[in-house]
Peer 1: 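Pasting in a structure now, in structure tokens, and then I'll have a few things to ask.
Remember, it's a predicted structure, so these values are computed and weren't measured experimentally. Letters go in sequence order (proteins before strands), and every chain restarts at 1. Heavy-atom basis, side chains included; hydrogens, waters and symmetry copies ignored.
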Amino acid sequence: MSAPAGAELGSKGAAARGVTRGARSTTGLGALWVAVVALLAFMPYLVSQADTSILLNFFVLLTMATMWNLLAGYAGMVSIGQQAFVGLGAYGVLVLADAGFNPVAAIPVAAVMCAAISLPISLLVFRLRGGYFAIATWVVADAASLVISSNSSIGGGTGKTVPGMSSLGPRAFEEVTYWAALAVVVVAVGLAYALLRSRLGLVLAAVRDNEVGARSAGARVATARRIVYLVAALGCGAAGALLAVSQLNVQPASVFGVQWSAEMIFVTMIGGIGTIEGPVLGTIVFFLLQQNLAHDGAWYLIIFGSLAVAIAIWAPRGLWGTATSRLRVQLFPVGYHVGRPRRTRDVVPEPPAAPPAASTT
Amino acid sequence: MAPLLELVHVKKRFGQVTIAEDVSFAVEPGAAVGIVGPNGAGKTTLFGVVSGDVRPDAGDVLLDGRVVSRLDPAARCRLGIGRTYQVPRPFDKMTVFENVLLAAQQGARARGPESYAHALAALDSTGLAPDANRLAGSLGLLARKRLELARALATQPRLLLLDEVAGGLTDLEVGELVSVVREANERGVAVIWIEHVVRALLATVDRLLCLAGGEVIGDGDPREVLASPRVREVYLGTDAAVGESVT
């Protein structure tokens, strides 16, 4: 992308400049991520079943947090009702499995259904801003929970077991659900990254900095927000679908619980809102704390709460944002950099006397 | 040939204050029009009406003979109306290049290398190219004003609305700015320029409108408009800079 860009710019010596994404080479980062995903794919063979199950829950929460970060950190929409799509995704799998679908194959279908449902919901909640928007999303989530609970054909308030997975042995079940979760989180983070690198990402950044200026420069703000809302519903729906498949039981009080939003917000805040890396780091911290403190009962919630307050006060950019503010490290480079063509050996040396423009035209 | 822009009986009030009382005028493609008037005359509001930031109480805005009064600012920008704001509105946490690239990708609907070319050309013509990788939030006032202009140019406008881009600049800086605007105008971009720095206007425009009390009280050759008794009456004692340049 970068090398031909420099070649096509004809005017005023622009040919001497190349436009690249991020200030540094990205090939090394790509290799890093491929290695990380490959290592994670082998985890079921390397660690215990209990650890595999913890990793699966890690992927589920990271998927949700990445979506919430897109909403709040990039599009400025603080939702506390994303559990609406977690629950609908879970019930999507349940309904499809009841109808004879393979539950794992039902995950993407349920996620797309959630995105489709989010469109009419967006028409409703987008009429509100800020705190009112947040409350409205919660109301929508509770309404969805009530509608599902009152429907006895899908288990009513007590929930129902997801059929169709019993043919797998316990070992195979563990592996299949793990890989499904890994696939979902890779697609979720990859989608968020692609979105932020695209023209839409630039629009979101501009709207965050100055909405009036963005509109006057031609940015369609409402469309951009709606796309993000749809993607967030898609991702949270996939996360909910994973819950249904891995827990084999769907209960409205659990999948529509507001604790999902609390966890999404918590890990995004402590990791660093408005960066792709933030939720990743935040989710790691969350799981480390949970594994080490869970046996101390209520204390671990108190520690979580204190940590969130401390970070909100002293490090509002989160752990990642604070750690990298001086280093300018980016594991997911989304910005642009104007410079000379990256590979200087590609530039033909100019004879000293010739005017700069002569060699380019 | 239909005029590029036409305002038809535009009326706007904020509470009891009348900002525009039946304002009508037309601008031909490629024209260069200046707007002067005392503070509070409704000049900026008029730009808002044209760009879509302000909805008039009555009247219509036509672009290429087509009514655009119901369109939002983004849609009007995409139709060819580029504007700057009196107080610059940079995207602080984005680089200068990204600021302008957004305008090229959204306003001019360009993609990939084409959008890079539009953005770099806008930076070149405004002299911001050396600052391409700086964060816009770190720029000084002059650079911010240039960025505002670069962003409007990158949308590839057919009509450029400039709201006091020369205010607060030194003579030398004003001269540079005038040449940027004239260059755009010579490429066929119609310019409407609100400015208190009248010498900048006189160097650029071939037609001048004077607004006062929500009405157009002068319209025509810049020097004749500034010399007319009614315009002088409105200005005397209210704006020293204009008072000087008129006499």
Peer 1: Could you measure the distance from the CZ atom of A/Arg199 to the CD atom of B/Gln106? Nearest 0.5 Å is fine.
Peer 2: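 Atom-to-atom, A/Arg199:CZ and B/Gln106:CD are 6.0 Å apart.
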Peer 1: Locate the shortest heavy-atom distance separating A/Ser216 from B/Cys77; write the atom from each residue and the value.
Peer 2: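 In this case the closest contact between A/Ser216 and B/Cys77 is O-SG, 3.3 Å.
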Peer 1: What part of B/Pro90 lies closer than 4.5 angstrom to a heavy atom of chain A: side chain, backbone, both or neither?
Peer 2: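 Contact with chain A: backbone only.
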Peer 1: I'd like to know whether CZ of B/Arg134 has more than 12 heavy-atom contacts from other residues, nucleotides or ligands below 6.0 angstrom.
Peer 2: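 Counting neighbours around CZ of B/Arg134, more than 12 heavy atoms of other residues, nucleotides or ligands fall under 6.0 Å, so yes.
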Peer 1: Under a 4.5 Å cut-off applied to non-hydrogen side-chain atoms, are B/Met94 and A/Leu202 in contact?
Peer 2: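 In contact.
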Peer 1: B/Ser51 versus chain A, heavy atoms under 4.5 Å apart: side chain, backbone, both or neither?
Peer 2: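 Contact with chain A is absent: no heavy atom of B/Ser51 under 4.5 Å.
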Peer 1: Can you name the nearest heavy-atom pair linking A/Ala217 to B/Thr155, along with the distance?
Peer 2: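 So the minimum-distance heavy-atom pair works out to O-CG2, 3.9 Å.
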Peer 1: What closest approach, in Å, do B/Phe91 and A/Asp209 show between heavy atoms, and which atom pair accounts for it?
Peer 2: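 Taking every non-hydrogen atom into account, C-OD2, 3.1 Å.
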Peer 1: Might you point out which heavy atoms bring A/Ala219 and B/Ala74 nearest each other, and give the distance in Å?
Peer 2: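 Of all heavy-atom pairs spanning A/Ala219 and B/Ala74, the closest is O-CB, 3.3 Å.
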Peer 1: Please answer whether the main-chain N or O of A/His337 pairs with a side-chain N or O of B/Asn133 as donor and acceptor at a distance below 3.5 Å.
Peer 2: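 Answer holds: no.
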Peer 1: OH of A/Tyr132: more than 12 outside heavy atoms within 6.0 angstrom?
Peer 2: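 Atom OH in A/Tyr132 is not packed in, count stays at 12 or less.
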Peer 1: Is it true that atom CZ of B/Arg207 has more than 12 heavy atoms of other residues, nucleotides or ligands lying nearer than 6.0 Å?
Peer 2: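 It does: B/Arg207 CZ has more than 12 such atoms within range.
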Peer 1: For chain A, which candidate among B/Glu148, B/Arg83, B/Glu98 shows the most heavy-atom pairs at distances under 4.5 Å?
Peer 2: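 Of the options given, most contacts go to B/Glu98.
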Peer 1: Any side-chain heavy atom of A/Val19 sitting closer than 4.5 Å to one from B/Leu101?
Peer 2: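 The answer is no; the side chains never approach within 4.5 Å.
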